[in-house]
Amino acid sequence: METLGYSFGQQYMLQKVADMTATEWKKAQQALMFLTEKRDGTKKGRAVYNGVPTREWVDRGEDAASPTAYLESQFLTAAIDAHEGCDVMVTDVPNAFIQADLPEREYGQRVFMKITGVMVPMPTQLVPDVYESFIVRENGQEVIYVKVLKAIYGMLEAAPLWYKRFRKDLESIGFKFNNYDSWRVVNRMVNGKQQTIRVHVDDVMSSHMYPKVNDKKFLKWMNKSYGKHGKVKATRGKIHDYLGTMTYDFTEPGKVKIGMDD
């Protein structure tokens, strides 16, 4: 309930049905709630947008694509890191998608989501005087409509919107992109040495000759830029889990051992 309540005003805002067009009302997608239990026993809830029906009108080839580092790029740059003795750090950006704004759209083309079923009482219990006036009944059940403000999870456009924001931010601090292969080579020079990052959505692997560049500069910048919804966590040391399926082991000088889960 707290997660859904926090999202109002942050990710979406209440909407009166009378102020929506017929097309906007028809295209409004249902909110889905997912509850998970983390390894430490804490529980996490997230309301997501059901983007499956939007495949009919979203250009999946252009609007729903987000470039990521190829395996070949990851392996080759990791081998270079090992050969040069670079310090390696892996970070995870929390709630990455919702940190990208959904572009403002013209009247008639705005994006809406509808909260139904057992999810309706959640926000109304928090501030009943505010939410109850937005409840409507459709097919015998209560519904609340909201206007989507952020690139929330489940939207087909979420990943590319996050990519565009992250790329713009990286370029602002000196990173150079390859126009022909955006995520294979993302570098900048720091203290006379090259810093290289590889990105897969919200998982970032950074390498530099000097550990302080990863810790004091890049990680600090990451938290300042994306730590609003939770601390950007970093893995330090010689062994790193990446993407939850691969392990990079730099324990032996000059070499890297890469393990992949089945």
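Everything quoted here is computed from the prediction, not taken from an experiment.
For Lys16, the side-chain contact (heavy atoms from CB on, under 4.5 Å) partners at least two apart in sequence or on another chain are Asp19, Ser133, Phe134. Annotation: side-chain contact (heavy atoms from CB on, under 4.5 Å) contacts of Glu138 (sequence neighbours excluded): Trp25, Val136, Val143, Tyr145. Residues satisfying the side-chain contact (heavy atoms from CB on, under 4.5 Å) test with Leu243, not counting sequence neighbours, are Gln74, His200, Asp203, Thr245, Met246. Listed by chain and residue number, nothing satisfies the side chain to side chain donor-acceptor pair (under 3.5 Å) test with Lys217 (two or more places apart in sequence, or in another chain). Glu142 pairs by the side-chain contact (heavy atoms from CB on, under 4.5 Å) definition with Val120, Ile135, Arg137, not counting sequence neighbours.
Contact check for Arg236 versus Asn214: side-chain heavy atoms found under the 4.5 Å cut-off. No side-chain heavy atom of Asp241 sits under 4.5 Å from any side-chain heavy atom of Tyr248. Side chains of Met20 and Phe112 form a contact here, defined as non-hydrogen atoms less than 4.5 Å apart. Counting only heavy atoms from C-beta outward, the side chains of Ile115 and Val146 approach each other to under 4.5 Å. Side-chain contact between His229 and Ile98 is present, with at least one heavy-atom pair separated by less than 4.5 Å. Looking only at side-chain heavy atoms (C-beta outward), Leu156 and Arg55 come within less than 4.5 Å of each other. You'll find the side chain of Val204 reaches within 4.5 Å of the side chain of Met222, heavy atoms only. You'll find the side chain of Val256 stays beyond 4.5 Å of the side chain of Asp81, heavy atoms only.
One hydrophobic cluster, built from ILVMFWY side chains closer than 4.5 Å, holds both Met155 and Phe34.
Of the possible donor and acceptor atoms, none in the side chain of Glu132 sits under 3.5 Å from a partner among the backbone N and O of Asp129. At distances below 3.5 Å, not a single donor-acceptor pair connects side-chain atoms of Asn191 with backbone N or O atoms of Lys193. Proximity of a side-chain donor or acceptor of Gln99 to a complementary backbone N or O of Pro94 within less than 3.5 Å is detected.
Residues Gln195 and Ser206 bring a donor and an acceptor atom of their side chains to less than 3.5 Å of each other. Checked by atom type, the side-chain pair Asp169/Ser225 shows no donor-acceptor distance below 3.5 Å. Checked by atom type, the side-chain pair Ser73/Arg198 shows no donor-acceptor distance below 3.5 Å.
The shortest heavy-atom contact between Met113 and Ala28 is N-CB, 4.5 Å. The minimum heavy-atom distance between Tyr153 and Val48, with the atom names listed, is O-CB, 3.3 Å. Listed here is the closest heavy atom pair of Pro211 and Asp87: CA-OD2, 3.5 Å. For the residue pair Ala78 and Phe250, the shortest heavy atom distance occurs at O-CE2, 3.5 Å. When all heavy atoms are compared, the tightest approach of Phe75 to Met260 is CZ-SD, 4.1 Å. Across every non-hydrogen atom of Thr91 and Ala234, the tightest pair is CG2-CB, 4.0 Å.
By the 30° and 60° cut-offs, the orientation of the rings of Trp162 relative to Tyr226 is perpendicular.
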Would Leu102 and Leu149 satisfy side-chain contact (heavy atoms from CB on, under 4.5 Å), going step by step from the backbone distance to the final call?
CA-CA 5 Å; Leu102 191 67; Leu149 305 176; 5.9 Å; no

Take Glu157 and Arg105, measure what salt bridge (Lys or Arg N to Asp or Glu O under 4.0 Å) needs, and give me the verdict at the end.
CA-CA 14 Å; Glu157 305 98 317; Arg105 303 187 182 184; 3.4 Å; yes

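When hydrophobic residues (I, L, V, M, F, W, Y) are linked wherever their side-chain heavy atoms come within less than 4.5 Å, the members clustered with Met209 are Val190, Tyr210, Val213.
Atom-to-atom distance recorded for Gln15:CD and Ile144:CD1 is 12.5 Å, nearest 0.5 angstrom. Considering CE of Met89 and CE of Met205, their distance stands at 11.0 Å, rounded to 0.5 Å. Atom CD1 of Ile258 sits about 12.0 Å away from atom NE2 of His240, to the nearest 0.5 Å.
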